[in-house]
Amino acid sequence: MSDYDSVSADVEHEEEIPEDHPRYQDLLTRHRIEAGVEKGITHLQGMHAEGRGSAFDYLLGEETIPSADDAERAAAAHLLLADHPVLSINGNVAALVPGEMVALAEAVDADLEVNLFNRTPERIDAIADHLREHGAEDVKGLEADARIPNLEHKRAKVDADGIYDADVVLVPLEDGDRAEALDEMGKTEIVIDLNPLSRSPQVADVPVVDNIIRAVPNMTEHAQALADADEAELRSVIEEFDRERALENAEERIRSGDL
Ligand code: PTJ
């Protein structure tokens, strides 16, 4: 057994994972999801979702492909142009990138809203607390005084002054039904999902086929670089982005990637 073989099973703190491990990012992600389940943040189903995601990431070469970088830049431009941008947080997102979502919200002046597929008051509170521990000042999603139309009751709950009112929403690792229902509400939807064939990126205005661990910090960097851009420049970044081509490029990379 090599030193590395002993890393994966019982790491207590992520600092124990050696950064030069060939599967560092995957081990880190797995550890964060496990820790999220233990803290009551992440649903057990989040582990299945993570497993699916990491298989696609492996096939993508575990890197941000050029079309995903374009999508991340277009996403930043949409968020900067929005009247009311909202970043949606579920149990996987909270476990994987809590501080990074807070940083993105600050960079584009967006609200953060907890919005769960498997909604319970305990998980909502645990996630809101976790986000506050990572610097969030205002966390939405606790009121849940509005509904996304055409969606089964609990999964449809949103804040009237949050996702319901938003013109641009970032919905990472989203279930297909809800992504479709948000799309039908006429929102500009940015989806982060490693599976380009999943319904959520298929309905998104900006499908970001990348690991959320890489995608969110990269969106923040793009937003900071575009902070002084005028409306015309932001609109041209959006117009240059081709969603169909981005989906095709990701699928092509997955099917033909050199592993
Ligand atoms: O916390 P809750 O209750 O809101 O539940 C969240 C999950 C993720 C469990 C729920 O929304 C769900 O079941 O989602 P799905 O239908 O499994 O979709 C998740 C998608 O995210 C899949 O297409 C995965 O490939 C993708 N995915 C998983 N991990 C990552 C990812 N995409 C980007 N980065 C990841 N790290």
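Each ligand, and each atom within it, is numbered from 1 in the order the structure gives. When a residue number appears, it is its place in the shown sequence, counting from 1.
Residue contacts with ligand 1 leave out Arg119, since none of its heavy atoms falls under 4.0 Å from the ligand. Residue Thr29 places every heavy atom at 4.0 Å or more from ligand 1.
Ranking protein heavy atoms by distance to atom 26 (C) of ligand 1, first place goes to Asp193 OD1, 3.4 Å. Protein heavy atom at the shortest distance from atom 32 (N) of ligand 1 is Leu194 N, 3.1 Å. For atom 12 (C) of ligand 1, the closest heavy atom belonging to the protein is Ala49 CB, 4.6 Å. Considering only non-hydrogen protein atoms, atom 4 (O) of ligand 1 sits nearest to Phe117 N, 2.7 Å. For atom 34 (N) of ligand 1, the closest non-hydrogen atom of the protein is Ile212 N, 2.9 Å. Ranking protein heavy atoms by distance to atom 36 (N) of ligand 1, first place goes to Asn211 OD1, 3.0 Å. For atom 33 (C) of ligand 1, the closest non-hydrogen atom on the protein side is Asp210 O, 3.3 Å. Given atom 15 (P) of ligand 1, the protein heavy atom at minimum distance is Arg52 NH2, 3.6 Å.
Across Ile41, Val93, Val114, a single residue satisfies side chain to side chain contact (heavy atoms under 4.5 Å, CB included) together with Leu131, and that is Val114. Each of Thr64, Val97, Leu60, Asp57 was scored for a side chain to side chain contact (heavy atoms under 4.5 Å, CB included) with Asn211, with one residue passing: Asp57.
Ionic pairing of Arg178 and Glu189 is not present here: no N-O contact between side-chain nitrogen and carboxylate oxygen is shorter than 4.0 angstrom. At a threshold of 4.0 Å, the pair Arg132-Asp129 counts as salt-bridged, since one of the basic side-chain nitrogens sits closer than that to a carboxylate oxygen. By the 4.0 Å N-to-carboxylate-O rule, Asp177 lies close enough to Arg199 to be salt-bridged with it. Using a 4.0 Å cut-off between charged nitrogen and carboxylate oxygen, Asp26 and Arg30 count as a salt-bridge pair. For Arg255 and Glu251, the salt-bridge test passes: some basic side-chain N is under 4.0 Å from an acidic carboxylate O.
Atom CZ of Arg123 is separated from atom NE2 of His130 by 12.0 Å, given to the nearest 0.5 angstrom.
With atom 19 (C) of ligand 1 as the reference point, the heavy atom nearest to it among Leu173, Thr42, Ile41 is part of Leu173. Nearest residue to atom 9 (C) of ligand 1 from Gly91, Gly46, Ser198 is Gly46 (criterion: closest heavy atom).
Side-chain atoms of Phe117 and Asn90, non-hydrogen and from C-beta on, never get closer than 4.5 Å to each other. In this structure the side chain of His222 never reaches within 4.5 angstrom of the side chain of Met219, judged on heavy atoms.
Polar contact with ligand 1: absent for Ile192 (N/O pair, distance under 3.5 Å). Inclusion of Gln45 in the set of residues having an N or O under 3.5 Å from an N or O of ligand 1 is not warranted.
Close approach to Glu50 involves these atoms of ligand 1, each under 4.0 Å from a residue heavy atom: 29 (N), 36 (N). Atoms of ligand 1 found under 4.0 Å from any heavy atom of Leu96, numbered from 1 in the order shown, are 36 (N). Of all atoms in ligand 1, listed by their number and element, those nearer than 4.0 Å to a heavy atom of Leu116 are 1 (O), 4 (O).
With a 4.0 Å heavy-atom cut-off, ligand 1 is reached by the side chain of Arg123 but not by its N, CA, C or O.
Side-chain contact annotation: Asp161 with His84, donor-acceptor N/O pair under 3.5 Å absent.
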